[in-house]
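Have a look at the structure below before the remarks.
The structure presented is a predicted model; accordingly, all values stated were derived computationally and were not measured.
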Amino acid sequence: MNQSNEYHYQKELQHLITLSTGFMDAYVIHCYGKEPMLLPQNIILSAMDSPTKVKTVEWHETQLPVFPVHHPERALGVALVIEGESIEQRFAVMCDEMPKTIRLRISELVDDEHAVKDETVFQYVKIGLQSFQIPHLDHIQAMISTQLKVK
């Protein structure tokens, strides 16, 4: 991935999180064995029912790599297509079900200071007492694209 595209996702997330309206519409995505993921709704291009045991999902005649966050015993889930500058940068997050939507004030988001040990997590935040992960979408996209090419 070239330098100009390297931080596309994190720049987009930060832009969406600092919107001038002071509000953000987001999805809360349950992640098996981890804190729930918080993603702005505007970076989700599509949500599709899908079998969970897949490495790719088809979207607009393109095979997109899958990042699984679903319960490993689930046979069916929902694939959320994540926006990218180009089709090659798009991927899908496979979750248990259609995530819950919330509208939150940007001022409600507070940094959660515990250390980030998972490379797929950009940072942790809190809303009230609940912790959430902000995913490191650049890293996830690069990781699953590489895994797909290796196999």
Side-chain angles (χ1 to χ4, degrees), residues 1-50 52 54 56-57 59-60 64-74 76-148:
M1 186 177 296
N2 68 38
Q3 188 68 12
S4 66
N5 292 331
E6 190 170 339
Y7 296 101
H8 163 74
Y9 290 116
Q10 285 342 111
K11 285 181 184 176
E12 185 69 15
L13 275 177
Q14 288 178 338
H15 169 74
L16 292 170
I17 288 173
T18 58
L19 295 172
S20 60
T21 63
F23 287 95
M24 178 177 72
D25 292 321
Y27 283 122
V28 174
I29 303 166
H30 175 76
C31 297
Y32 179 76
K34 296 182 179 184
E35 286 88 349
M37 185 183 291
L38 194 61
L39 278 179
Q41 286 183 1
N42 0 14
I43 69 167
I44 308 296
L45 298 176
S46 183
M48 309 173 290
D49 292 333
S50 173
T52 59
V54 295
T56 64
V57 293
W59 186 72
H60 293 284
L64 302 178
V66 170
F67 179 64
V69 298
H70 63 86
H71 191 289
E73 294 178 10
R74 285 191 67 107
L76 296 174
V78 173
L80 302 175
V81 177
I82 306 297
E83 172 68 277
E85 278 186 13
S86 66
I87 192 72
E88 294 81 22
Q89 292 177 316
R90 292 181 181 148
F91 66 95
V93 172
M94 185 67 69
C95 47
D96 290 334
E97 58 194 6
M98 189 64 195
K100 182 178 97 174
T101 61
I102 61 170
R103 172 166 261 203
L104 52 96
R105 286 186 183 281
I106 303 308
S107 60
E108 291 178 274
L109 285 175
V110 178
D111 288 347
D112 188 342
E113 299 301 327
H114 73 273
V116 176
K117 296 178 181 158
D118 183 341
E119 293 179 337
T120 66
V121 176
F122 181 68
Q123 76 178 80
Y124 294 99
V125 295
K126 282 189 170 189
I127 300 172
L129 298 175
Q130 174 73 48
S131 287
F132 297 91
Q133 61 167 296
I134 304 296
H136 196 312
L137 297 175
D138 287 326
H139 181 78
I140 292 168
Q141 188 274 330
M143 178 184 74
I144 61 179
S145 293
T146 301
Q147 289 172 354
L148 196 60

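When all heavy atoms are compared, the tightest approach of Val78 to Glu97 is CG2-C, 3.6 Å. Closest non-hydrogen pair, Tyr124 versus Ala115, comes out as CE1-O, 3.9 Å. Closest of all the heavy-atom pairs between Ser46 and Trp59 is CB-NE1, 3.2 Å. Of all the heavy atoms in Ala92 and Ala79, the pair that sits closest is CB-CB, 4.2 Å. Nearest heavy atoms, Pro65 versus Arg90: CD-O, 3.8 Å. For the residue pair Gln123 and Val116, the shortest heavy atom distance occurs at CA-CG2, 4.0 Å.
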Going through the checks in order, is the side-chain contact (heavy atoms from CB on, under 4.5 Å) test met by Asp112 and Val125?
CA-CA 5 Å; Asp112 188 342; Val125 295; 5.5 Å; no
Verify side-chain contact (heavy atoms from CB on, under 4.5 Å) between Asp25 and Leu104, making sure each step is shown before the conclusion.
CA-CA 7 Å; Asp25 292 321; Leu104 52 96; over 6 Å; no
Please determine whether side-chain contact (heavy atoms from CB on, under 4.5 Å) holds for the pair Gln141 and Ile82, giving the CA-CA distance in whole Å, both sets of side-chain angles, and the decisive distance to 0.1 Å.
CA-CA 9 Å; Gln141 188 274 330; Ile82 306 297; over 6 Å; no
Under the side-chain contact (heavy atoms from CB on, under 4.5 Å) criterion, do Val57 and Met94 qualify, and how do the steps go?
CA-CA 9 Å; Val57 293; Met94 185 67 69; 4.0 Å; yes
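Rounding to the nearest 0.5 angstrom, the gap separating the OG atom in Ser131 from the NE2 atom in His114 is 6.0 Å. Here Leu76 contributes atom CG and Thr52 contributes atom OG1; the two are 7.0 Å apart, rounded to the nearest 0.5 Å. How far CE of Met37 is from CG of Leu137: 7.5 Å, rounded to the nearest 0.5 Å. Separating the CG atom in Leu39 from the SG atom in Cys95 is a distance of 9.5 Å, to the nearest 0.5 Å. The CD1 atom of Ile29 sits 5.0 Å away from atom CG of Leu80, with the distance rounded to the nearest 0.5 Å.
Glu119 places no side-chain N or O within donor-acceptor distance of the main-chain N or O of Ile140, the cut-off being under 3.5 Å. Side chain of Asp118 to main chain of Thr120: a donor-acceptor pair is present (N/O by atom type, distance under 3.5 Å, no hydrogens or angles). Side chain of Glu108 to backbone of Arg105: a donor-acceptor contact under 3.5 angstrom is found. A donor-acceptor pair under 3.5 Å links the side-chain atoms of Arg74 to the main chain of Asp96, judged by distance alone.
Side-chain contact between Lys34 and Gln133: present, with at least one pair of heavy atoms (C-beta onward) separated by less than 4.5 Å. Looking at heavy atoms from C-beta onward, Phe67 lies in side-chain contact with Met143 at the 4.5 angstrom threshold. Using a 4.5 Å cut-off on side-chain heavy atoms (C-beta onward), Phe132 and Val28 make contact. Taking 4.5 Å as the limit, every side-chain heavy atom of Tyr32 sits out of range of all side-chain heavy atoms of His70. Residues Thr101 and Gln41 form a side-chain contact, since some pair of their non-hydrogen atoms from C-beta on lies under 4.5 Å apart. A heavy-atom distance below 4.5 Å is not found between the side chains of Phe91 and Val66. Contact check for Tyr27 versus Met98: side-chain heavy atoms found under the 4.5 Å cut-off. Under the 4.5 Å side-chain criterion, counting only non-hydrogen atoms from C-beta, Val121 is not in contact with His136.
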